[in-house]
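Accompanying notes for the structure given below.
All figures in this text were calculated on a predicted structure; none of them were measured in a lab. Protein chains get the first letters and strands the later ones, always in sequence-line order, with residue 1 at the start of each. Side chains are part of it too, since the values below use all heavy atoms of this structure and drop only hydrogens, waters and symmetry mates.
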2 protein chains.
Amino acid sequence: MSLKHAILVLLETEPGSGYDLMQQFKQSLGYFWNAKHQQIYLQLKKLNSEKLISFSLEKQTGKPDKKVYGITDLGVKELQQWIASPVKPAKVNDALLVKIYGGHLTSAKNLLDELEQHRLIHDSTLQKLLKIEQLYRQFPDDKQKKYQLPYLTLRRGILGEKAWLAWAEEAKKTIKI
Amino acid sequence: MSLKHAILVLLETEPGSGYDLMQQFKQSLGYFWNAKHQQIYLQLKKLNSEKLISFSLEKQTGKPDKKVYGITDLGVKELQQWIASPVKPAKVNDALLVKIYGGHLTSAKNLLDELEQHRLIHDSTLQKLLKIEQLYRQFPDDKQKKYQLPYLTLRRGILGEKAWLAWAEEAKKTIKI
DNA sequence: GATATCATGTAAAAGGTTACATGATTGG
DNA sequence: CCAATCATGTAACCTTTTACATGATATC
């Protein structure tokens, strides 16, 4: 269970609402941690009851009130403990590969079509990440240093997506023949 | 829910017991689909009650009896339908990256130590996959063609692990400085 | 004598997904 | 006028993890 810690990490950087977190899960953090809004709101409630985060209401006109959450001292301690203790390697569950493994049960066209669908998604993810990287590279040196660790996670995304796309090229050729 | 289909795919290739499947999840299939033994036994029971698989008891001396499962015609139909319909891209949940993102809360040494632990695991996975690839390359052409789709999943593992290791080198340099 | 492998399961708890629910504003 | 975005949540269901449970044989 690291959704808890993913949220704490984000709130440690900057306070925000459930909606703000949702956006971050869709963007920067999104390619290495996924969560739906229902999960986030539930977890925020829980973290608040554990006193690891707290919130203040921000009144808005026209829109519903915003609950802006921030990490507490207790939350920072919890985060530090978690970061100092080892985590397990991420487990992979990739249905597309299960499909390809059993691909003899369908047509080559069907496999190629699905591969192409996934390729489009991975390619657009890569383009998005490369744009963020461009922004980072224009930062002055001190700001680059400040964000060097989040930048590493971005690099992981870029290298991972490039490897995926290189594999897809191989796969295309194999299936075509 | 594709554990169901991962099991069906394996049994479509070759009948086997829960234990056999467990071994396969630890080996060939293991780097793109993970499952614990409890999950597998539960799912086998469910698939059997849905008539997608069936089993025969193999008596053994000294060891407990083996339930050898095989896919049924209904199971093959179900598999074919699943394989013909699109799947969602795999979602990534990687706690190590969450840690690195918030790495300023711990020491560089701690980060490097954990990175090294993970590097060892990824490296040994890669070595294992490369050995399997060597075996495949020694197959005669017709056998290579027969196993070309499972081989593609192996390639995905190899390219993925290489990309991970390349990233780890970058990360090491960044954190060291 | 201890640990690993073979071989199977049950039960409780935690975590994640899907469906349902509301309601205003902004842009095409 | 329709879809998207902002903003929050509950409930039911499904999946996964952790803990518990047993017992023989083989290897160090």
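Side-chain proximity of B/Q38 to D/dC20, C/dA7, C/dG15: nearest is D/dC20. Proximity note for B/Y69 (side chain, C-beta onward) versus C/dC6, D/dT17, C/dG9: the nearest is C/dG9. Set against C/dT5, C/dG16, D/dT17, the side chain of A/K91 has D/dT17 as its closest nucleotide. For A/Y41, the side-chain atoms get nearest to D/dT8 when compared with the rest of D/dT10, D/dT17, D/dT8. Each of C/dT10, D/dG9, C/dT8 was ranked by its minimum atom distance to the side chain of B/H37; first place goes to C/dT8.
Close to D/dC6, at under 4.0 Å from its OP1 or OP2, lies no side-chain N or O of A/K66. Note on B/K45: a side-chain N or O is less than 4.0 Å away from OP1 or OP2 of C/dT10. The side chain of A/K4 places no N or O atom within less than 4.0 Å of a non-bridging phosphate oxygen (OP1 or OP2) of C/dG15.
Contacts of A/K46 with the nucleic acid, taken as non-hydrogen atoms under 4.0 Å apart, involve only primed sugar atoms and P, OP1 or OP2. Within the 4.0 angstrom heavy-atom criterion, only backbone atoms of the sugar-phosphate kind lie near A/K88; the bases stay farther away.
Spacing between atom CG of A/L44 and atom P of C/dG15 amounts to 15 Å, rounded to whole angstrom units. Summarising the geometry, the separation between CG on A/N34 and P on C/dG16 is reported as 11 Å, rounded to the nearest angstrom. Remark: C1' of C/dA11 and NZ of B/K36 are 16 Å apart, rounded to the nearest angstrom.
Both B/M22 and A/Q39 lie close to DNA chain C; mapped to their nearest nucleotides by heavy-atom distance, the more 5′-ward contact belongs to B/M22. In terms of position along DNA chain D, the nucleotide closest to A/L42 lies nearer the 5' end than the nucleotide closest to the other residue of the pair A/L42 and B/Q43.
By the 4.0 Å N-to-carboxylate-O rule, B/K173 lies too far from B/E169 to be salt-bridged with it. Between A/K77 and A/D73 there is no salt bridge, since no side-chain N of the basic residue sits under 4.0 Å from a carboxylate O of the acidic one.
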task: Starting from the C-alpha separation in whole Å, work towards a yes-or-no answer on side chain to side chain donor-acceptor pair (under 3.5 Å) for B/D20 and B/S17.
output: CA-CA 5 Å; B/D20 295 335; B/S17 66; 3.2 Å; yes
message: Would A/E170 and B/R156 count as a salt bridge (charged side-chain N to carboxylate O under 4.0 Å, His left out) here? Give the steps.
response: CA-CA 9 Å; A/E170 275 191 31; B/R156 173 72 197 105; over 6 Å; no
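The minimum heavy-atom distance linking A/Q144 with A/Y136 is given by the pair O-OH, 2.7 Å.
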